[in-house]
Amino acid sequence: MKNIRHAVFWPPFLLLIGASILSFTNKESFISITTNANTWVIANLGWLFSLGGLLMVGGCIFAYFSPLGNVRIGGQHAKPMLKFSNWFAITLTTTIATLTFWSIAEPIFHLSTPPESLGLEPNSPGASLFSLSTLYLHWTFTPYAIYCVPAVVFAFVYYNMKKPYSLSSTLSPLFGNKMKKSTSTVIDAICLYTLALGMAASMGTSILTLSGGIDHLTGIGSSPVLWGIIAAVVTVTFLISAATGLMKGIRVLSDINMKAFYLILAFVFLVGPIPFIFNTSTEAFGVYLTEFFKKSLFTGAAAGDPWPQWWTTFYWASWFAWALILSLFLGRIAYGYKVKTVILVNFVFPAIFGMIWMSVFGGTAISMDMVDGVLSKALANSGPEAVIYVFFSNLPWATVIIPFFLFVFFITFVTACDSNVAAMSGISSTDITPEKPEAGLLVKVLWGIAVSLISWSMISFASIDGVKMLNNLGGVPALGLGLLVFGSLVKISLNPQKYDKTIGEKPVENSKKTTESLPKAL
């Protein structure tokens, strides 16, 4: 434990362990505290999450066309540490751990229970367009902008400004050298806590999905015991991967993951209602574009409608909770590429992939449910984790595709956990440098166990609502810090030369930072 940043590691770690112990010893108090805190968040801060998400989209577009866009991360002579294909695979699979779950379950929620304040009839054509266009809002440009902004800022300040491996470094363009070491420690500890909650929430969703599949195949029932077994298996798997380091475990997993994504996406498209997918997604995309600002800033306050808080606020809180710490990982692997390319890989290309995925899976699910309501019935009777498997049961070769989907989902989540544990462990440790980017195995194990415990506790006692509470509570401090990072992005975008210490550096032969070759960085 000699390389642990104790002031950063222990406060969030002990808070998580304490919450887990409280959930076991006093379930009523645990639920009461988390529910009251969550109620306050969604009632008072939904508007700020909406504005924050919109600002991040604007920030990505502004940075792309600003002088910062042509700056190379690491300096003009820096060579990429990853091939473009590996880089994109790692970036995409790291950030979409729950997309496979919500791409089928979420449209059925919106189709069967659209916001009351909009006056849409459940299961109507209007509700179907609202459902698909809302998937585009929740899973394309806005969430990836929330990831992209801190990733770009961290990559620039770490490699080009030569700042320490710390989240507080992302605020240095805004505050200069005025920040004290104690302030830096507090910021890192808060961000570590937010990611732990966000990761626990995502893990809860994944456990429910995997247990639903096992129940569907075996009929043993989805229960806290099964959830605990799944949590243990997932934890052991991603810790084994994390122990091998970036260049082995996560790179191999992400490549497998991408190929599996392409296969299952192609399968659902070919056996699905192809004309309906094309026609409805085209119309829904038009709704998304024309109502982008309206949907982005919809709070439901005037009509007393809680729908935006339980959906859009939930998602933005989730993305903000993950984004800050994960930016250390995403920024780290961006070495050697121009900022424009970093924005494309972290913002534009994943959003396009998400739109295609949601059009195929969401469109097929909506079409299926509008025929006989089979997915809505599964949602009402068995919960969201059952919807996915009823969906696949109504497609050809279900006995083959359901086990394959379970494999895809398992690999997706393990890949995301691997990168997140790497980021959490890195910020908890001392002596992290570009030449020595990996934290020790012990701290990775401790974080993996802590996150698994809190995740299992919340889904065992509060189910899907527990997942949403974790996201909302973790997203609040992350939102405030994320807005400050946005300020840093604006400053460096206007005049990157003022901050870039790599200008004038000579090329370094056989750089340790370069582990793979690429013909030419974009």
Side-chain angles (χ1 to χ4, degrees), residues 98-116 118 120-139 205-217 219 221-222 264-265 267-281 283-284 307 310-311 314-315 354-406 408-409 463-465 467-468:
T98 57
L99 177 143
T100 47
F101 176 87
W102 291 112
S103 61
I104 299 170
E106 184 182 342
I108 305 306
F109 273 106
H110 302 329
L111 182 67
S112 57
T113 54
E116 293 183 7
L118 298 184
L120 295 171
E121 288 292 328
N123 304 304
S124 65
S128 68
L129 286 177
F130 169 81
S131 179
L132 196 53
S133 62
T134 298
L135 289 182
Y136 296 155
L137 175 70
H138 290 164
W139 291 97
T205 301
S206 299
I207 291 170
L208 290 175
T209 304
L210 292 169
S211 70
I214 294 171
D215 177 42
H216 184 86
L217 293 173
S222 184
I264 198 166
L265 182 64
F267 170 79
V268 175
F269 174 73
L270 291 174
V271 303
I274 295 177
F276 182 88
I277 291 173
F278 277 120
N279 288 313
T280 306
S281 61
E283 191 173 359
W307 185 94
W310 278 102
W311 284 104
F314 156 62
Y315 278 124
M355 189 162 290
I356 294 171
W357 186 279
M358 287 299 176
S359 296
V360 173
F361 279 84
T364 303
I366 290 169
S367 174
M368 187 182 295
D369 199 61
M370 291 184 73
V371 174
D372 56 8
V374 62
L375 300 183
S376 297
K377 293 173 184 175
L379 178 65
N381 296 331
S382 304
E385 63 268 29
V387 173
I388 298 171
Y389 302 102
V390 174
F391 170 86
F392 283 117
S393 295
N394 282 271
L395 297 179
W397 305 308
T399 55
V400 175
I401 201 65
I402 289 176
F404 181 70
F405 173 79
L406 279 172
V408 173
F409 192 88
S463 190
I464 200 69
D465 288 340
V467 171
K468 293 185 176 184

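In this structure, W139 and Y315 have perpendicular ring planes: the angle between them is above 60°, well past the 30° mark. Ring geometry for F361 versus W357: interplanar angle under 30°, hence parallel rather than tilted (30 to 60°).
Considering only heavy atoms from C-beta on, T113 stays 4.5 Å or farther from P122 through its side chain. Between L132 and P107 there is no side-chain heavy-atom pair separated by less than 4.5 Å. Here the side chains of V387 and F109 are not in contact, with every heavy-atom distance at 4.5 Å or above. Y389 is listed as a side-chain neighbour of L406, based on a closest heavy-atom distance under 4.5 Å. No side-chain heavy atom of F391 sits under 4.5 Å from any side-chain heavy atom of D369. A 4.5 Å side-chain heavy-atom check between W102 and H138 finds every atom pair outside the cut-off. Side-chain contact between I366 and F276 is present, with at least one heavy-atom pair separated by less than 4.5 Å.
Looking at T364, its side chain does come within 3.5 Å of a backbone N or O of V360 through a donor-acceptor pair.
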Donor-acceptor pairs under 3.5 Å, side chain of residues 377-384 to any protein atom, not counting sequence neighbours: which ones?
from	atom 1	to	atom 2	distance (Å)
N381	ND2	K377	O	3.1

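Considering only residues two or more places apart in sequence or on other chains, S281 meets the side chain to side chain donor-acceptor pair (under 3.5 Å) condition with none of them. Among residues two or more places apart in sequence or in another chain, the side chain to side chain donor-acceptor pair (under 3.5 Å) test is passed with Y136 by S359.
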